[in-house]
2 protein chains.
Amino acid sequence: MRPKRLNPKSDCAVELTLSVIGGVWKPLILFNLLMGKKRFMELTRLIPSATQRMLTLQLRELEEDGLVTRHVFPVVPPRVEYEVTDLARTLAPVMLSLRDWGERYRLEQQKLPPLEPHCQA
Amino acid sequence: MRPKRLNPKSDCAVELTLSVIGGVWKPLILFNLLMGKKRFMELTRLIPSATQRMLTLQLRELEEDGLVTRHVFPVVPPRVEYEVTDLARTLAPVMLSLRDWGERYRLEQQKLPPLEPHCQA
DNA sequence: GGCGATACTTACAAAAATGGTAGTATGAGC
DNA sequence: GCTCATACTACCATTTTTGTAAGTATCGCC
């Protein structure tokens with residue numbers, strides 16, 4: 001079942017967006033998938049802090065929300081590829097704006113040096 | 001104590017931003033405060049879905065993160081005013097980008113008409 | 001023919017977030 | 001002198017989220 005953390009039916013568009021990309025894992029997953037399609041095991045290696053369980057749960061939700069597609073190859077051992085949709089690609093500017101503000105915040109509040117311009121798992 | 005949902009020390013600037021504005025209440029609080037300073041009771045009336053407890057907790061965190069200031073007037077009954085900081089004002093473009101994507105998503109996925117351009121509690 | 005690899009699922013448990021209720025201090029108004 | 005209003009805090013219960021561990025099916029490889 002869907003998490004209740006953010007109400008996806010909220011009248012507030014900001015909340016709606018956060019209900020889709022909010023949380024710890026979804027931004028990381030989306031970032032990695034925006035770099036190119038990935039298999040499940042690749043994602044677990046790229047985002048080692050996420051358990052398999054969390055990855056599957058989050059991927060299911062991203063799929064439900066129309067942000068990633070899941071290609072199953074009927075082979076053994078199983079092979080599944082995840083890819084971002086066109087809709088998810090429109091998230092790029094949102095991610096950039098979130099990232100830019102985060103960088104600025106880091107500088108202003110924590111007096112820390114900037115990091116690489118991309119997200120790391 | 002701070003929620004553990006998003007790690008504010010993440011290397012990822014996107015996560016850092018979400019650790020600051022993520023969640024159900026913070027965007028709503030920030031939106032309302034961006035419209036002008038508010039007293040505590042005003043906020044409870046503007047955001048009726050939030051309990052007093054949640055409001056205080058979230059306001060404390062926003063204060064810790066340097067996004068709102070708290071002015072206490074030593075009178076009885078107590079009077080406390082909350083106001084956004086300059087830093088929080090730099091969040092406006094982020095909020096806009098989140099809002100715009102949310103609107104687009106609503107249209108594309110849910111085939112619903114757009115709402116007013118501002119967030120509603 | 002036992003082992004590892006993949007992409008999961010399920011069951012149980014711990015942790016985190018939220019809700020609900022009650023209490024506090026005090027001045028102002030009736 | 002009783003009540004109301006404000007801006008909280010404290011406490012406990014419930015819900016939600018996350019983690020841990022184990023299990024599944026099948027093929028290829030040694």
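What's counted below: heavy atoms across the whole structure, side chains too, no hydrogens, waters or symmetry copies. Model, not experiment: these values are computed from the prediction. Chain identifiers are assigned alphabetically (A, B, ...) following the order of the sequence lines, protein sequences preceding nucleic acid strands; residue numbering begins at 1 within each chain.
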Enumerate the protein-to-nucleotides 9-14 of chain D contacts in which both atoms are nitrogen or oxygen and the separation is below 3.5 Å.
residue: D/dC11; atom: N4; partner: B/Arg53; partner atom: NE; Å: 3.3

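In this structure, the CD1 atom of A/Ile47 is 14 Å from the P atom of D/dT18, given to the nearest Å. Atom C1' of nucleotide D/dT18 and atom CH2 of A/Trp25 are separated by 9 Å, given to the nearest angstrom. At whole-Å resolution of the value, CE in B/Met41 and C1' in D/dC4 are 13 Å apart. We find that CD of B/Gln58 is positioned 10 Å from P of C/dG19, with the value rounded to whole Å. Taking atom CG of A/Leu57 as the reference point, atom C1' of D/dT18 lies 9 Å away to the nearest angstrom. Between the CE atom of A/Met54 and the C1' atom of D/dT17 there is a distance of 7 Å, rounded to whole Å. One can place CD of B/Glu81 at 12 Å from P of D/dC8, the figure rounded to the nearest angstrom. Atom CD of B/Glu61 and atom C1' of D/dC8 are 16 Å apart (whole Å).
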Nucleotide by nucleotide, 5' to 3', does protein get under 4.0 Å of the base (B), only the sugar-phosphate (S), or neither (-) in nucleotides 24-30 of chain D, counting heavy atoms? --BS---
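For B/Val80, the listed nucleotide lying nearest its side chain is D/dC8; candidates were C/dC8, D/dT18, D/dC8. Among the nucleotides D/dC8, D/dT18, C/dA7, the one closest to any side-chain atom of A/Val24 is D/dT18.
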Side-chain polar contacts of residues 35-43 of chain B - donor-acceptor pairs under 3.5 angstrom, sequence neighbours left out - could you list them?
residue: B/Lys38; atom: NZ; partner: B/Gly36; partner atom: O; Å: 3.0
residue: B/Arg39; atom: NH2; partner: B/Pro78; partner atom: O; Å: 3.4
residue: B/Glu42; atom: OE2; partner: B/Arg39; partner atom: N; Å: 2.8

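Salt-bridge check for A/Arg99 with A/Glu103: failed, with every basic side-chain N at 4.0 Å or more from each acidic carboxylate O.
Every salt bridge (Lys or Arg N to Asp or Glu O under 4.0 Å) that A/Arg79 has, sequence neighbours left out, goes to A/Glu81.
Here ring-ring contact (aromatic ring centres under 6.0 Å, His included) pairs that include residues 59-89 of chain A, with residues two or more places apart or in two chains, number zero.
For A/Val14 against B/Met95, the heavy-atom pair with the smallest separation is CG2-O, 3.7 Å.
B/Glu83 places none of its side-chain heavy atoms less than 4.5 Å from the side chain of B/Arg70.
Through direct or indirect side-chain contacts shorter than 4.5 Å among Ile, Leu, Val, Met, Phe, Trp and Tyr, A/Val76 is connected to no other residue.
The closest donor-acceptor contact from the side chain of B/Tyr105 to the backbone of A/Asp65 lies under 3.5 Å. For B/Thr85 (side chain) and B/Gly66 (main-chain N/O), a donor-acceptor pair under 3.5 Å exists by modelled atom type.
Where A/Arg79 and B/Thr51 meet DNA chain C, the nucleotide closest to each residue was compared, and A/Arg79 sits on the side nearer the 5' end.
Within 4.0 Å of A/Tyr82, counting heavy atoms only, lie sugar-phosphate atoms of the nucleic acid but no base atom.
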